[in-house]
Amino acid sequence: MAEDGRDESLATDDESDHTALSLRFLPMLCGVTAQMLEEGSTLLRRMEICVAEAEKRNGKNTVNMQETFTVYLVETRPMDAVAEGRNQAPDSLWRRYSEFELLRNYLLVTYPYIVVPPLPEKRAEFVWHKLSADNMDPDFVERRRVGLENFLLRVASHPVLSNDKILHHFLIEEHGWKEVVYETGFQAKADSRLRALSATFRVRNPDKRFMEMKHYSDELQSHTSQLLRARARVADRLYGVYKVHGNYGRVFSEWSAMEKEMGDGLQSAGHHMDAYAASIDDILEEEEHYADQLKEYLFYAEALRAVCRKHELTQFEFEMASQELVSKKQQHEELSTGIVRTFSFKGMTNKLFGQEAPEQREARLKLLEDLIAEGEEDVQEKTVECGEHVERAWVDMHRFKEQKDKDLREALINYAVMQISMCKKGIQMWSNAKECFLKM
């Protein structure tokens, strides 16, 4: 924790101060870690959650204009009813994609130290030419339905997020849940954070682990996007290759009409070729499932960066508060001793026009003492905030890494198995064609 701590001594460049602060807050930070780990009674252990279906609707938007949109049916059922085998009807309600967005934005602001699961894409990306990019396309809506269900399952299985009351309102209260969200005041907090994050600032003593994690998130996003682009190009080529096999089927069928002895064999081979050409549609539809799993981690990279940026912000605020406190203490010392260590406009005017009256001097000293007391309290708060964020974020990043390694390993293995199966089907098709030719 030597790199994480920040001491109140304000010498932010001194590594010994970092160590001193870390030792001071170690018991508190260990308690934070234990609290996160103890919150293991996740919602998913108590409730069955699914996004059962999607439905297209027409209605008027906020500016009273007609629009077409999609709503998703969220169903929940107590897990004890499932375990006991009771056929209890699930509670259900409809949600729009924008409501899922509102929930996630609330979670991002409320839990800045957590890698919040991403939502599925709002519009299709990395599509191959036969795949529709229309967000109202039935296939795209179905994949988004699966993605929204995955988002809810991720949140409901998280040791911290799953216990949030707003999440419960989202799942069980069809009306009024938005008002509950806005009453938390998260929007005002979000706006101020966004302005701070968009500002250009340099942290003097960033935590190296967070710098490395931020770099890793950039690399993760780069590699997954490259992989998705390569997969889209391969899908385009593969679709063409499969469909060209339909030409074999057409030629063999036409040829069979003029052959007496070879006709049956040619026609049968043509049927196998036609079936092979048609099979690519189901194959690429299955591939989209694996592509969506990769896209999830493409979007996870941004969630990871958000946690790192929050660390930069808390560290920056701590350093600014520390510098301000140093400045106030220096002013107090100069005013008390009459010795000006640094050039200042105030010091120059004093030399030109004489010293200020004793009453003014005492009033200024009292004001500086009050400001120093406030500054020390502010630095204390920033120190605790920074330390808590570092500890909590690192715990969740470790959880995320384990999840990522498991998910991506499983997805890539399954994708390889699917490719092997596809190749075996191609071999089987040509084996069947060979048998047809042997019978001629």
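The figures that follow rest on heavy atoms only: side chains count, while hydrogens, waters and symmetry mates do not. The first residue of the sequence shown is numbered 1, and numbering continues consecutively from there.
- Sorted pairs that involve residues 164-186 and meet salt bridge (Lys or Arg N to Asp or Glu O under 4.0 Å), not counting sequence neighbours, are lacking altogether.
- Side-chain contact annotation: Tyr113 with Asp396, donor-acceptor N/O pair under 3.5 Å absent.
- The aromatic rings of Phe186 and Tyr182 sit parallel, their planes meeting at an angle under 30°, below the 60° perpendicular limit.
- Using modelled atom types and a 3.5 Å distance limit, the side chains of Arg144 and Tyr72 yield a donor-acceptor pair.
- Between Lys214 and Glu312, at least one side-chain N (NZ, or NE/NH1/NH2) sits under 4.0 Å from a carboxylate O, which counts as a salt bridge.
- Residues that satisfy the side-chain contact (heavy atoms from CB on, under 4.5 Å) test with Glu149, not counting sequence neighbours, are Cys50, Val51, Arg145, Leu153.
- At a cut-off of 3.5 Å, with distance as the only test, no side-chain donor of Gln380 or Glu385 sits close to an acceptor on the other residue.
- His311 and His389 have parallel rings, their planes meeting at less than 30° on a 0 to 90° scale where 60° marks the start of perpendicular.
- Screening Phe100, Tyr106, Phe151 for a ring pair (Phe, Tyr, Trp, His ring centres under 6.0 Å) with Phe170, the sole residue that qualifies is Phe100.
- When the shell of 6.0 Å around CG of Asp264 is examined, it contains 12 or fewer heavy atoms from other residues, nucleotides or ligands.
- Side-chain N/O atoms of Glu212 and Tyr216 include no donor and acceptor closer than 3.5 Å.
- Between Arg231 and Glu288 a salt bridge is recorded (basic side-chain N to carboxylate O distance below 4.0 Å).
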Derivation and outcome, side chain to side chain donor-acceptor pair (under 3.5 Å), residues Ser327 and Gln331
CA-CA 6 Å; Ser327 175; Gln331 291 177 40; 3.3 Å; yes
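- Neither side chain, Trp255 nor Gln267, offers a donor N or O lying under 3.5 Å from an acceptor on the other.
- Between the side chains of Ser222 and Gln226, at least one donor-acceptor pair of N or O atoms lies under 3.5 Å.
- A donor-acceptor contact closer than 3.5 angstrom is absent between the side chains of Glu101 and Asn105.
- A salt bridge links Lys401 and Asp405; the closest N-O separation between the charged side-chain nitrogens and carboxylate oxygens is under 4.0 Å.
- Taking every heavy atom of both residues into account, Ile49 and Ala156 meet most closely at CD1-CB, 3.6 Å.
- Across every non-hydrogen atom of Cys386 and Gln315, the tightest pair is SG-OE1, 3.3 Å.
- For the residue pair Phe299 and Pro118, the shortest heavy atom distance occurs at CB-CB, 3.5 Å.
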So Lys328 and Glu324, salt bridge (Lys or Arg N to Asp or Glu O under 4.0 Å) or not? Walk me through it.
CA-CA 6 Å; Lys328 291 292 184 290; Glu324 183 67 18; 2.4 Å; yes
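- For the pair Glu55 and Arg95, the salt-bridge criterion is not met [side-chain N within less than 4.0 Å of a carboxylate O].
- Heavy atoms only, all atoms of each residue included: Asp274 and Arg250 are closest at OD1-N, 4.3 Å.
- Side-chain N/O atoms of Gln403 and Tyr300 include a donor and acceptor closer than 3.5 Å.
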Working note: Gln293 + Asp407, criterion side chain to side chain donor-acceptor pair (under 3.5 Å); need CA distance, chi angles, decisive distance, verdict.
CA-CA 8 Å; Gln293 289 180 319; Asp407 288 349; over 6 Å; no
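- Remark: Arg204 does not engage Glu319 in a salt bridge, criterion side-chain N to carboxylate O under 4.0 Å.
- Of all the heavy atoms in Thr224 and Gln221, the pair that sits closest is OG1-O, 3.1 Å.
- Comment: Glu302 engages Arg309 in a salt bridge, judged by a side-chain N to carboxylate O separation of less than 4.0 angstrom.
- Between Glu121 and Tyr97 the shortest heavy-atom distance is C-OH, 4.0 Å.
- In this structure, Lys439 and Met262 have side chains that are not in contact, with every pair of non-hydrogen atoms separated by 4.5 Å or more.
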